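A short worksheet on the structure shown next.
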Amino acid sequence: MRKLFLFVLILFTQQCLASTLPAHIASLTSPDVTTSTPPELNVNKIVDWVHVKKSNRRMFLMQGESVVREYRIALGSSPRGHKVKQGDQKTPEGHYRLSFIMENSAFHRSMHISYPNYRDKEHADRLGFDPGGDIKIHGLKNDDDRDPQFIQSFDWTDGCIAISNEEMDEFLALVEIGTPIFIEW
């Protein structure tokens, strides 16, 4: 009975999202999404989806088709193309979800991206690779006391998306767990 209730709840949520989000985001389904921290009910959470343009080093927080916030981002040292395997220094491209928050890590707060999804795992398996994982949006390294504008002026992550600590605090105040994210070159 509980599984049936959850299934109906998921279908209802997807139909509600489909009526408010752009078609390419509303059609997103991700069976790999896990939520280890329950989403908070907060009226300040006004972001429907997140759009990352790797080629422009920009991340946009979106409400429908309107930009709510824009951030300058840093990526991995080899950002062009889709992530295929662990250690390739690439940020994945495609449709994912923001799945949980980490307060205690080597970086100032972070939100996990649901990479790898089923297709990513299948593709890596066909090539004989480990797809990697642990891809996040995060702040700066905890022990780095250099000027954030300097740090963000070049690509320095292992494939994650980095923003300043102040921006990460704002991001977490505006974006809920489960929010769709679309990453493209």
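Because the structure is predicted, anything quoted here is derived from the model rather than measured.
- Distance alone, capped at 3.5 Å, places no donor-acceptor pair between the Asp88 side chain and the Lys83 backbone.
- Salt bridge absent: Asp143 and Lys141 never bring a charged side-chain N and a carboxylate O closer than 4.0 Å.
- By the 30° and 60° cut-offs, the orientation of the rings of Tyr96 relative to His82 is parallel.
- Residues Ile46 and Tyr71 share a hydrophobic cluster, clusters being chains of Ile/Leu/Val/Met/Phe/Trp/Tyr side chains in contact below 4.5 Å.
- Hydrophobic clustering (ILVMFWY, side-chain heavy atoms < 4.5 Å, transitive): Ile151 and Leu75 are in distinct clusters.
- Under the 4.5 Å side-chain contact rule for hydrophobic residues, Phe171 and Leu140 do not share a cluster.
- The main-chain N or O of Ser110 is never found under 3.5 Å from a side-chain atom of Lys136 such that the two would form a donor-acceptor pair.
- With Arg97 contributing its side chain and Gly178 its backbone, the two residues share a donor-acceptor pair below 3.5 Å.
- For the pair Asp169 and Arg109, the salt-bridge criterion is met [side-chain N within less than 4.0 Å of a carboxylate O].
- Paired with Leu98 under the rule side chain to side chain contact (heavy atoms under 4.5 Å, CB included), one option of Ile137, Ile177, Leu172 passes, and it is Ile137.
- Hydrophobic clustering, with ILVMFWY side chains joined whenever heavy atoms are under 4.5 angstrom apart, keeps Phe182 apart from Trp185.
- A salt bridge does not link Glu184 with Lys54: none of the charged nitrogens is closer than 4.0 Å to a carboxylate oxygen.
- Comment: Lys85 does not engage Asp130 in a salt bridge, judged by the lack of any side-chain N to carboxylate O separation of less than 4.0 angstrom.
- The aromatic rings of Trp156 and Phe107 lie tilted to each other, with the angle between the two planes from 30° to 60°.
- Remark: the backbone N or O of Ser78 is not paired with any side-chain donor or acceptor of Asp155 at under 3.5 angstrom.
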